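Right, one structure below, let's go through it.
This structure is a prediction, so every number in the text was calculated from the model and none was measured.
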Amino acid sequence: AISAFTLSWTHSAQKSEWREAWAVTPAGLSLTEASVKGSGAGMEPGPDAVFRDGWWVWKPTLPPLPSLALAASGATPSPWTLCHGGGCIELGAEAGDEAVLSRCDD
């Protein structure tokens, strides 16, 4: 079981990296921070973003989600990378791959 993870990927149009930090809470999956290396079509930094170490970083205001569905379109140049305290795995390497992330009950 994990209590936090990051998701990162390369945007399909802009070819810039995007990274999100998530917490696993009793209420569900909470997005705690988002970061993007650049801006452009569909990847504008949040209104309170600050530029730090080459990334636009901000705290999104999104309520906790019961689950997060990922579906690979085949348009992105890389899969998602999910990292946690135990290491990293790739999700959605092939077009049509799907993954659903959710909180596990004990």
Separation between [atom1] of [X] and [atom2] of [Y], rounded to the nearest 0.5 Å:
X	Y	atom1	atom2	value
Cys83	Glu90	SG	CD	9.5 Å
Glu17	Trp55	CD	CH2	4.0 Å
Ser3	Arg103	OG	CZ	12.0 Å

Inset, instruction - Measure across Ala27 and Pro64 and return the closest heavy-atom pair with its distance rounded to 0.1 Å. - result: O-CB, 3.7 Å
Any [X] side-chain heavy atom under 4.5 Å of [Y] side chain:
X	Y	value
Phe5	Glu20	no
Thr61	Lys59	no
Leu29	Val24	yes
Glu33	Trp58	no
Leu7	Thr81	no

Legend entry - Ser30 (side chain) donor-acceptor with Thr32 (main chain) under 3.5 angstrom: no
Inset, instruction - Spell out, yes or no, whether Leu31 and Val57 are grouped together once hydrophobic residues are joined by side-chain heavy atoms under 4.5 Å, including indirect joins. - result: no
Inset, instruction - Would you indicate whether Asp53, at its atom CG, is surrounded by more than 12 heavy atoms from other residues, nucleotides or ligands within a distance under 6.0 Å? - result: no
Inset, instruction - Specify whether Trp18 and Trp9 have parallel, tilted or perpendicular ring planes, treating 30° as the upper limit for parallel and 60° as the lower limit for perpendicular. - result: parallel
Inset, instruction - Could you give me the CA-CA distance, side-chain angles and deciding distance for Leu101 and Trp22, then say whether side-chain contact (heavy atoms from CB on, under 4.5 Å) is met? - result: CA-CA 11 Å; Leu101 309 177; Trp22 292 83; over 6 Å; no
Legend entry - From CA spacing to verdict: side-chain contact (heavy atoms from CB on, under 4.5 Å), Leu82, His84: CA-CA 7 Å; Leu82 184 148; His84 54 84; 3.7 Å; yes
